[in-house]
> 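I'd like to ask some things about the structure below.
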Amino acid sequence: MRVSPEIAQLVPYKPGKSIAEAEREYGIQDMTKLASNENSLGVSEVVKKAIAARLDQQFRYPDPSCYDLIHCVAELWKVPVAHIAIGNGSNEIIDLLIRIFCEPGQQILTTECAFVAYAVCAQAARVGVCQVPMKNWKIDLQAMAKVLREDKDHKIRLIFLPNPNNPTGAYITTSEVSEFLNEFSQNCERLIVFDEAYDEFVRAPDYRSALGQISESANVVVIRTLSKAYSLAGLRVGVLFAPTFVIDYFNRVRNPFNVNDLAQVAAVAALRDQEFVKKSVQMVWQGLDYFYKELEGLGLSYVPSQGNFVLFDTHRDAVAVNEALLRKGVILRPVLNYGLKTHLRMTVGLDSENKKAISALKEVISAIPLAVSRWKGPTHG
Ligand SMILES: *Cc1c(COP(=O)(O)O)cnc(C)c1O
């Protein structure tokens, strides 16, 4: 049967290699996975208890309105219930926003090296992707503004701003965002979507969440996830904050039981367990500082990160470095799909995992010849 060229050309999303997969392929036990920005603290005790106590309810359908979870989110993030919806991970939210607001042939606008889900979901919906070059690894909002001013017939419907971005870890500042919103947030032909998956980890003093911008009169949308700081990646919970007309469309289009019962219960427990989040953030900050110091010692440049990972330049064929690391039992993330041939992305894990990754890196790096980097930008190190 024939399908559209966009569907035929879709490349399946390539997740970080799983531990089981790597152990099978390399015949090594005790693989350390720092490839998918997961939270190495694991599932919090509070969440485990909540899930266990709920097991006997699993013969029933979940609450399609996510009532408890939405109220919990509203209280924690101080946003009215009417502006909140829940998705099966942020990924479903990204997918549905594109399907709701873009027709085939229209476009989304994002940055070069943006989180790959935007482009994948757009392509599946036969929607074009306009990617604006980065500036020093950062989203270039001024260049984006220029593209939008030239888009007179509003072909661009959605603007995706991952802040901080993955895989770069870079962020855009409060004043850059304000200037952009001043010009574009009143335009009712387009939505501005801030993807704040890593908000909890940000240390930069001039970052501010766009949550405060959510209102009926601004076309601003914020997406948060419980996959990172809240450590629920396996259960798939994402949160959408938006004007009510967006929430209304989202609730019409989504699968009525898009968020399963254990996910809802676990999410409420996780949101109430702020001690766990604090611990996660502490772990990430310490781990990042350790990575920076070690990478500098190795003469490898990196992009300073506001997330729970760091993008660094091996100055070598990253596929070869990655392969050698796998043989040492360490799974990192190649970023070839972003056009980065000498970089790897490394998630912050437990102290022991971080040390294992760095010591493996030290061992393999000297045996692999230097390559010419595509990026000669002014990064650290
Ligand atoms: C990890 C990540 C997400 C989270 O995706 P989920 O589908 O909620 O697990 C969203 N956006 C970015 C930029 C991410 O890196």
Side-chain angles (χ1 to χ4, degrees), residues 13-16 18 33-40 43 66 69 73 77 84-99 108 110-122 124 129 131 134 137-139 158-172 192-202 207 209-211 221-241 250 254-255 258-260 263-264 266-267 270-271 277 280 284 303 305-311 332-333 335 337-338 340 345-349:
Y13 176 73
K14 208 168 157 216
S18 76
K33 184 184 178 200
L34 298 177
S36 299
N37 298 348
E38 291 153 343
N39 188 330
S40 281
V43 182
C66 292
L69 177 50
V73 165
W77 278 309
I84 302 170
I86 311 293
N88 190 275
S90 317
N91 220 288
E92 184 192 31
I93 297 173
I94 293 162
D95 188 38
L96 292 189
L97 287 176
I98 292 174
R99 282 169 49 196
I108 64 164
T110 190
T111 174
E112 172 187 26
C113 277
F115 181 47
V116 73
Y118 317 135
V120 173
C121 295
V129 182
Q131 283 188 305
M134 299 180 290
W137 296 99
K138 276 181 57 171
I139 295 178
L158 294 174
I159 303 153
F160 281 96
L161 300 175
N163 193 29
N165 188 17
N166 165 20
T168 64
Y171 73 107
I172 36 180
I192 305 170
V193 183
F194 291 87
D195 181 350
E196 298 183 341
Y198 301 97
D199 168 86
E200 292 85 356
F201 302 114
V202 176
Y207 160 90
S209 164
L211 265 190
V221 168
V222 173
I223 306 173
R224 293 283 185 94
T225 182
L226 272 72
S227 297
K228 309 283 160 60
Y230 290 92
S231 209
L232 293 185
L235 282 170
R236 317 299 306 129
V237 183
V239 184
L240 168 66
F241 298 93
F250 182 85
R254 71 177 168 87
N255 179 320
N258 61 333
V259 185
N260 75 67
Q264 292 187 36
L271 290 171
V277 177
S280 308
V284 165
V303 184
S305 173
Q306 304 299 323
N308 65 346
F309 57 87
V310 62
L311 181 72
L332 302 190
R333 184 63 153 265
V335 278
N337 57 329
Y338 295 93
L340 304 173
R345 194 192 67 192
M346 177 160 62
T347 304
V348 176

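Remember, it's 1-based here, ligands and their atoms both numbered in the order they're listed.
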> Quick one, list the residues around ligand 1 where some non-hydrogen atom comes in under 4.0 Å, by chain and residue number.
Gly89, Ser90, Asn91, Phe115, Asn166, Asp195, Ala197, Tyr198, Thr225, Ser227, Lys228, Arg236

> Are the ring centres of Phe309 and Tyr198 closer than 6.0 Å?
yes

> Would you call the rings of Phe160 and Tyr118 parallel, tilted or perpendicular if under 30° counts as parallel and over 60° as perpendicular?
parallel

> May I ask you to test the Ser40-Val348 pair for a side-chain heavy-atom distance under 4.5 Å?
no

> Show every donor-acceptor pair shorter than 3.5 Å between a side-chain atom in residues 84-93 and any protein atom, with sequence neighbours excluded, or say none if there are none.
{"from": "Asn88", "atom 1": "ND2", "to": "Asn258", "atom 2": "O", "distance (Å)": "2.7"}
{"from": "Glu92", "atom 1": "OE1", "to": "Asn88", "atom 2": "N", "distance (Å)": "2.6"}
{"from": "Glu92", "atom 1": "OE1", "to": "Asn258", "atom 2": "ND2", "distance (Å)": "3.0"}

> Under 3.5 Å, is there a donor-acceptor pair between the Asn39 and Tyr230 side chains?
no

> Determine, stepwise, if the pair Asn166 / Arg345 fulfils side chain to side chain donor-acceptor pair (under 3.5 Å).
CA-CA 9 Å; Asn166 165 20; Arg345 194 192 67 192; 2.7 Å; yes

